[in-house]
Each structure stands twice: as structure tokens, then as C-alpha cells.
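See below for the structure under consideration.
In listed order, ligands and their atoms are each counted from 1. Note that these values count all heavy atoms, side chains included, but never hydrogens, waters or copies made by symmetry.
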Amino acid sequence: GGQKLAIIHLLIWFNVYFPFFPEKLLVLTVATQETDGYLRFMQSANYFNYTVKVLGMGEEWRGGDVGRSIGGGQKVRLLKEAMEALTDQEDLVVLSVDSYDLIFAGGPEEILRKFQEANHKVLFAAEGLIWPDKRLQEKYPSVRSGKRFLNSGGVIGYAPYVNKIVEQWNLHENDDDQLFYTKIYLDTFQRVSIGPVWLSWLECGANVSTHDEVLLKFGTKSARVRNTIYDTLPVVIHGNANTKMYLNYLGNYIPNTWNYERGCGVCDHNMVDLSQLKEYPTVMVGVFIEQPTPFLSEFFQRLVTLDYPKDKLNVFVHNNEVYHERHIQKFWEESKDVFNSFKVVGPEENLSQGQARNMGMGLCRKDPGCDFYLSMDSDVMLTNRQTLKILIEQNRKIIGPLVTRHGKLWSNFWGALSLDGYYARSEDYIDIVQSKRVGVWNIPYMAHIYLIKGEVLRNQLKERNHFVLEKLDPDMALCRHARELGMFMYITNRREFGRIISTANFNTSHYNSDLWQIFENPVDWKEKYIHPNYTRIFTENYLEEPCPDVFWFPVFTERACDELVEEMEHYGSWSGGNHEDKRITGGYETVPTDDIHMKQIGYDKEWLHFIREFISPVTLKVFSGYYTKVCNDPTTVTSTIILHQLLYYINYYITSIILHQLLYYIIYYITSSIILQHLLYYYIYYITTSIILLHLLYYIIYYITSSIILHQLFYYIIYYITSTIILHHLLYYIIYYITSSIILHQLFYYINYSIT
Ligand SMILES: *[C@@H]1O[C@H](CO)[C@@H](O)[C@H](O)[C@H]1NC(C)=O
Ligand SMILES: *[C@@H]1O[C@H](CO)[C@@H](O)[C@H](O)[C@H]1NC(C)=O
Ligand SMILES: *[C@@H]1O[C@H](CO)[C@@H](O)[C@H](O)[C@H]1NC(C)=O
Ligand SMILES: *[C@@H]1O[C@H](CO)[C@@H](O)[C@H](O)[C@H]1NC(C)=O
Ligand SMILES: *[C@@H]1O[C@H](CO)[C@@H](O)[C@H](O)[C@H]1NC(C)=O
């Protein structure tokens with residue numbers, strides 16, 4: 001739904017006709033600290049060349065907590081002091097406004113023009129709610145339209161007249177400024193007026209009403225806020241306590257922050273050039289492993305390969321998972337000397353997530369040499385090695401790089417908050433996530449990865465606990481603290497930085513559990529397990545055809561091969577190479593090998609998916625026009641090659657491994673050197689098992705003849721000597737030999753098989 005922005009209207013003070021054209025506008029604002037809101041205000045004022053005089057900077061604020069209760073008297077006192085020197089300048093128009101929650105959307109000429117058109121001496125901002133004294137309601141003049149009650153957030157008037165008001169101030173610093181102005185306004189003697197005329201503060205000159213709806217409107221040169229009901233363009237935009245976040249959103253666009261033509265207008269402001277520094281800032285990197293996380297070794301690898309001097313990095317790791325201890329141990333052994341320091345707090349400490357994050361942040365806070373604190377969750381895969389440098393150079397108090405879940409709209413920030421403080425989608429959220437709008441964005445919530453200046457931790461965020469608050473998630477607690485302190489949090493999408501991986505459905509009970517992530521985290525799976533030259537098959541025809549219809553190409557990384565082998569060794573239960581095989585329908589294996597089926601390690605679905613994703617495209621390329629279907633119904637068959645494949649997969653589906661094996665040996669046949677290896681293998685095998693003699697013979701024949709038919713025949717003759725069941729196999733292979741059609745003999749084979 002649309003956000004409401006409280007629109008503050010101007011209400012008439014003196015209604016005295018006084019025709020002349022003021023040339024000068026002076027903006028007076030009270031700001032005791034250079035908050036982010038103040039800096040934004042000044043940036044918008046400088047953009048339009050306003051003359052701004054800041055009152056009270058560096059002074060202690062004694063005006064009370066104006067956001068929550070009455071107060072603000074200090075502002076009137078400061079204004080009073082400033083006006084004393086200006087009281088003689090009759091042609092000077094003074095605009096006194098707040099700065100922390102205000103942005104200019106138009107220039108001084110526009111304000112002066114609208115002020116002159118209003119034709120009054122002093123105008124106050126107005127609002128719809130009476131505050132702080134409700135009893136004064138009936139004393140207020142009634143209005144036909146517009147807002148009825150005075151708001152002290154903005155005053156505009158000729159200097160002598162403004163002075164006449166503020167010189168009456170003699171109250172305490174924490175007395176209420178709005179009540180002070182209200183009492184003067186309600187004093188009919190002082191209000192020389194012929195009846196209330198209202199002027200919208202926001203629209204400054206257009207018709208008046210109680211409208212609350214404002215919308216962002218993109219013009220050719222810059223964005224403006226449009227009053228959607230009255231179709232006006234307000235000059236001064238003021239957010240109150242409830243609309244501060246919406247003001248932050250508007251501030252991402254106005255006055256010149258971002259537009260469609262030019263993109264970001266302020267992103268290069270106040271940047272730091274790291275190459276100009278004598279030495280790089282020292283960064284404390286807090287790494288949080290709060291749940292089992294796939295690809296953790298890759299995460300650490302990316303940390304090591306960040307383009308940043310490692311002696312400037314201190315690493316703090318909080319690991320909440322016993323499962324990951326061996327990964328961290330391995331990483332520590334490899335890279336303990338790489339970083340300036342490396343500290344791990346393990347699951348035995350039993351820290352809550354919030355406590356751990358407080359601890360990490362505290363390490364930077366208490367070390368005066370710590371220039372930045374980079375908080376990173378283990379599910380963030382930084383693909384951009386420059387990330388840390390880019391964030392530092394952007395020079396913000398709190399900034400995070402945009403990281404998203406691959407192919408999803410899920411990211412590490414929220415563009416808006418719901419009323420109860422949870423996620424709400426801002427109008428620009430999708431454009432930012434998809435980088436259709438590129439810039440540095442002021443947002444109300446971020447998580448997973450962010451950089452905070454050390455000096456901020458030692459000043460505004462000097463409290464030791466920012467992460468444990470009620471029942472909030474730790475990051476929500478931090479962001480709420482930052483928002484309440486008026487600190488802006490930014491997300492940048494000026495570059496691509498990386499992604500957030502999914503930690504859902506991560507089953508850690510396998511030996512190399514990442515292998516199973518092909519569905520949940522396909523991008524990271526591919527990066528880890530698929531050979532880097534795989535794509536060159538398609539771009540550069542990167543494959544070999546050592547003999548007709550047989551292809552050689554890179555698919556797996558060495559890592560994948562190692563892990564698959566490890567996984568099988570870990571399972572350990574090899575089939576033994578017997579013909580009796582309970583895993584197969586019928587329980588009989590014609591060409592036994594000593595193996596473990598993917599199904600046995602629970603990898604069959606993943607394996608089929610791998611074939612579908614990575615082998616099928618190659619098949620499609622090399623057997624052009626033929627489509628590989630990994631499983632399920634065989635349909636039209638047009639070629640012996642395809643039929644072959646199809647039968648293979650049908651076979652696979654039925655869980656018979658026979659054809660599978662046949663194909664396997666065809667490929668082996670090409671690589672004749674591997675046969676020798678097998679020979680050796682079976683020779684060794686023979687020493688331990690007597691059944692294997694026939695295998696030896698089989699492979700000798702295989703090697704000599706290089707004809708798959710003959711040696712199969714030979715194989716079965718030998719087999720026949722030891723077992724009577726095999727007669728039908730003999731017949732089968734005779735047919736095979738005669739027809740050389742794979743279809744007929746397969747058919748025959750299966751008929752035969754079912755009969756016997
Ligand atoms: C502000 O002043 C500068 C320098 O005189 C000028 O170039 C710029 O256009 C002015 N900006 C606006 C918004 O008028
Ligand atoms: C202002 O009010 C007058 C009279 O009610 C109306 O004619 C005019 O269209 C209004 N202008 C705007 C911009 O709403
Ligand atoms: C860990 O802390 C939680 C809550 O702080 C507590 O309930 C739990 O018993 C602790 N476990 C151990 C092993 O100390
Ligand atoms: C995790 O994998 C193991 C071994 O394959 C399996 O027994 C278990 O059911 C799986 N757990 C879940 C939640 O899928
Ligand atoms: C990829 O192919 C190139 C060129 O043939 C080769 O130099 C490189 O080693 C290959 N990459 C890997 C990881 O094998």
C-alpha cells in the first residue's frame with residue numbers, strides 16, 4: 001500500500017499587504033549534530049544553491065526528546081539569537097526549518113515565488129493533528145479545507161516579522177516550541193488576520209486540502225514528489241516520526257539522487273580513493289556460521305582471495321555447528337598465517353547468535369586501530385574480489401553490497417518495513433534487486449553482509465549490545481537500533497558482488513554433503529563440480545571424437561572426482577563382483593563389476609539430474625537432432641544410436657545394469673590403454689577369488705581381438721562351462737553376431753530372459 005507522508009501546511013501569520021519582491025532567502029536550521037539526515041538536508045540545499053545558516057552545531061542538545069514528547073525550546077532560543085542580527089533586513093525572507101528529516105525538492109526561487117503569491121508576512125507549517133495541547137482545539141480558527149493546526153517544523157517570513165515572534169521567547173530549553181508558537185498564533189490580538197487562509201507547506205502555493213498521498217514522479221532532469229490528489233510539486237518535503245522511512249525512500253531520488261536518464265547523481269560524492277592512502281585501513285571480519293552451510297570451504301576460499309592486504313584483516317569466526325569444525329580446522333591449518341589474526345569461537349561456547357554478533361562487533365569497537373567491521377554470514381558467496389575495497393571507498397557509516405539468491409528476488413535488504421517492522425516491498429525493490437536501477441540506496445533493513453566504520457562503533461553505536469533485543473532476529477535488532485539513532489543504512493548495487501546461497505534442505509549426513517546440492521544451489525554446485533572447460537564444448541567445440549560416435553569431453557572437476565570416490569569409499573560396501581546381485585531385478589548380473597550403485601548412496605536422483613543437465617546437452621550437440629530423455633517412456637525411435645541410448649536408460653530404469661555395462665565396455669574399448677589396467681586389476685583380483693579366472697580370459701580376448709562380439713562369445717562359452725543357466729545368453733549373442741542390430745538382439749534377450 002501507499003505510504004503516507006504527513007504533509008505540513010503553511011498557515012497564515014500576518015495578513016498584511018506589503019508589495020515588494022524579496023531578493024534574498026536565508027535558510028536557518030538548528031542542528032546540534034551532523035546526523036545522516038542533516039547531511040542529506042545540506043546536500044539537497046547545496047544542490048539548489050540555498051544559503052543555509054546552521055544554528056547550534058556542536059552544542060549539547062537540551063531540547064528534550066522531541067520525537068517522543070514535548071520539547072524543542074532550544075530551537076526557538078537559537079533562532080531568537082540568530083534573528084537579532086537580521087531584524088533590520090526588511091527584504092530578507094527567512095526560512096526556518098528542521099534539517100534531520102527534511103529534503104528540498106525545489107530551489108529558492110520557487111519557494112520565494114510561492115511565498116510571495118501567498119501574500120503574507122509569516123507562514124507556519126500546518127498539520128492535521130493538534131499537538132501538544134488538545135484543549136486548544138476550539139480556539140483554532142476553522143478551515144474550509146486544508147490542515148487546521150500549527151506545526152513548528154517550518155516557518156517562513158520576512159526577517160523583522162519572524163523576529164517579532166521569536167523575541168518573545170523566555171522559556172526553558174526543553175519547553176515545547178510548538179506550544180509557544182501556537183499560543184502566539186491563537187492570540188487574536190497578535191494574529192492580525194481576517195480569517196484563516198491555508199497554504200500547503202509541501203505544495204507551496206497550490207490549493208489546500210487534507211491530502212496525504214504523495215508519489216514519486218520522474219521528470220527529464222530530476223525526480224520530484226508529486227501530490228497525487230492535487231497534482232502539485234511540493235518544494236520542501238518533511239517526514240515526521242512515522243514517515244521517516246518513506247522520506248528516506250524519497251531521498252533516494254530527490255532532488256538529484258537518481259533518475260532514469262543519468263542514474264545515480266550522488267554516488268561518487270565523498271568517495272575515498274584507497275590508492276591515495278598511505279596504508280589500507282584495518283578491517284575486522286566477523287564470520288558467522290549459525291547453521292549448517294553448504295560450500296563452506298568455497299566461502300573461506302573467497303575470503304582468502306579477497307583483493308585486500310591480508311595483514312590488514314583480522315578474522316573472527318563464530319561457528320555454531322559441530323559439523324563444520326573439521327572444515328574450519330582445515331581452513332585454519334591452511335591459512336592461519338595469512339591473516340593478521342584469526343580467532344574462532346566454536347559451538348562449545350554455546351553462544352546465541354546475538355551474543356556472537358555482539359562479540360564480533362565488540363572486537364572492532366574496543367580496538368582503536370580497527371577502522372572497519374565487516375560482518376559476513378557464511379551463506380554469502382562473494383564473487384567480486386573487490387567487494388571490500390568498493391565498500392570502503394563508498395565511505396558510508398553502514399553499507400552492504402547487494403547479494404541475491406540466484407534467480408530469485410530474495411536479497412539481503414528490505415526496501416520498506418511493514419507496520420510491525422517486518423518485510424514490506426518498496427516500489428523500487430525489484431528494480432534494485434535486478435539492477436535496473438543502479439546506485440547506493442538508503443534502506444531500512446539489511447542483513448547477511450555489511451560494513452560499519454569503526455569510529456561509528458565507538459561513537460553512535462558504542463552500546464555493547466545491538467543484536468539482542470526482545471525476540472527480534474539479531475540483524476533486525478541492529479537495524480532497528482540504527483534507525484532509531486537516525487543512522488542511514490545503505491545498500492549498493494553499483495557492481496555485482498555475489499549471491500546468497502540456500503541453507504535450507506542441507507543434509508549433512510553424507511560424507512561430502514555438497515555433492516547433494518545440485519538442486520538447492522545449482523550455481524555453486526556447478527562452480528564446484530563442473531569442469532571450467534565444460535562450456536567450451538559448446539562455444540569452441542571443445543571435444544574429441546577418438547573413434548566414430550564416441551566423444552571425450554571435460555565434465556567433472558578433480559574435486560568432483562575426488563569427492564565421488566571418497567563418498568563411495570566412505571560407503572564402503574562394494575558388491576563383490578559376483579553374478580548374484582540382489583540390487584538388480586532378477587538378482588543376476590551378466591557382466592559383474594565390483595561396484596556401488598548411486599542408489600545405494602542415495603544419489604540416484606541427483607545423478608540423473610546431472611546427466612540431464614550436463615550430459616544431455618552434449619549428446620544433443622554431437623548427435624545433432626536427437627533428443628536425450630533421461631528416464632521414463634520411450635517414444636518414437638528413429639536411429640540406432642538413439643535407440644541404443646534409450647534402451648540403456650530403460651534398462652537403467654528397470655535397474656538392470658547389463659546394457660549399462662555393455663556401453664561401458666564400448667567406451668573402454670576406445671581407450672585401449674585402460675584395458676591393460678583392467679587386466680592388471682583382474683589379475684590381482686584373481687589372487688583372492690577363483691571365479692575371476694574367466695574375467696582374466698575375457699579381458700585377454702578383449703585386448704587381442706578388439707571385437708566386442710567375439711570376446712563376449714568367448715566369455716559366455718567359458719561361463720557355460722561353469723553354469724547351465726547361460727545357454728540362453730549364448731543364443732543371445734549368436735543372434736547378436738548375426739544381425740548386428742542392437743534392437744533385435746535386445747528384444748530377443750529380454751524375451752529369453754523372461755522365459756528362463
Ligand atoms: C548552483 O550554482 C552553480 C554555480 O553557480 C550552478 O552551476 C548551478 O547550476 C546552480 N544550481 C542550481 C540548481 O541552480
Ligand atoms: C484551486 O481551487 C479553485 C477553486 O476552488 C479551482 O478552480 C482550481 O482548479 C484549484 N486548483 C488546483 C490546482 O487544485
Ligand atoms: C546453551 O544455552 C542455552 C540457552 O542459553 C541453554 O538452554 C542450553 O542448556 C545451553 N546448552 C549447553 C550445552 O550448555
Ligand atoms: C539425509 O540423508 C540421509 C542419508 O542419505 C538420509 O537417511 C536422511 O533421511 C536424510 N535426511 C533428510 C532430512 O532428508
Ligand atoms: C582448459 O583448457 C585449456 C586449453 O586447452 C587448458 O590449458 C586448461 O588447462 C584447461 N583447464 C583445466 C582446468 O583443465
Proximal ligand 5 atoms for His531, defined as those under 4.0 Å from one of its heavy atoms: 11 (N), 12 (C), 13 (C), 14 (O)
Verify side-chain contact (heavy atoms from CB on, under 4.5 Å) between Trp516 and Ile601, making sure each step is shown before the conclusion. CA-CA 11 Å; Trp516 273 258; Ile601 61 160; 4.3 Å; yes
Is the shortest side-chain N to carboxylate O distance from Asp595 to Arg583 below 4.0 Å? yes
Every pair of nitrogen or oxygen atoms between ligand 4 and the protein that is under 3.5 angstrom apart - can you list them with their distances to 0.1 Å?
{"unit_1": "ligand 4", "atom_1": "2 (O)", "unit_2": "Asn507", "atom_2": "OD1", "d": "3.3"}
{"unit_1": "ligand 4", "atom_1": "2 (O)", "unit_2": "Asn507", "atom_2": "ND2", "d": "2.3"}
{"unit_1": "ligand 4", "atom_1": "2 (O)", "unit_2": "Ser509", "atom_2": "OG", "d": "2.9"}
{"unit_1": "ligand 4", "atom_1": "11 (N)", "unit_2": "Asn507", "atom_2": "ND2", "d": "2.8"}
{"unit_1": "ligand 4", "atom_1": "14 (O)", "unit_2": "Asn507", "atom_2": "ND2", "d": "3.4"}

Verify the ring-centre separation between Tyr534 and Tyr529: is it less than 6.0 angstrom? no
Only one of Tyr253, Trp441, Trp258 forms a side chain to side chain donor-acceptor pair (under 3.5 Å) with Asp428, so which one is it? Tyr253
Quick check on contacts: which atoms of ligand 5 are under 4.0 angstrom from a heavy atom of Pro532? 13 (C)
Under 4.0 Å from one or more heavy atoms of Tyr47, ligand 1 contributes atoms 11 (N), 12 (C), 13 (C)
Just do the salt bridge (Lys or Arg N to Asp or Glu O under 4.0 Å) check on Lys330 and Glu334 with the steps written out, would you? CA-CA 6 Å; Lys330 186 160 167 279; Glu334 287 164 3; 3.6 Å; yes
Please confirm whether Arg326 makes a cation-pi placement over Tyr511, using NZ or CZ under 6.0 Å from the six-membered ring centre and within 45° of the ring normal. yes
Using a strict threshold of under 4.0 Å (side-chain N to carboxylate O), is an ion pair present between Glu298 and Arg559? yes
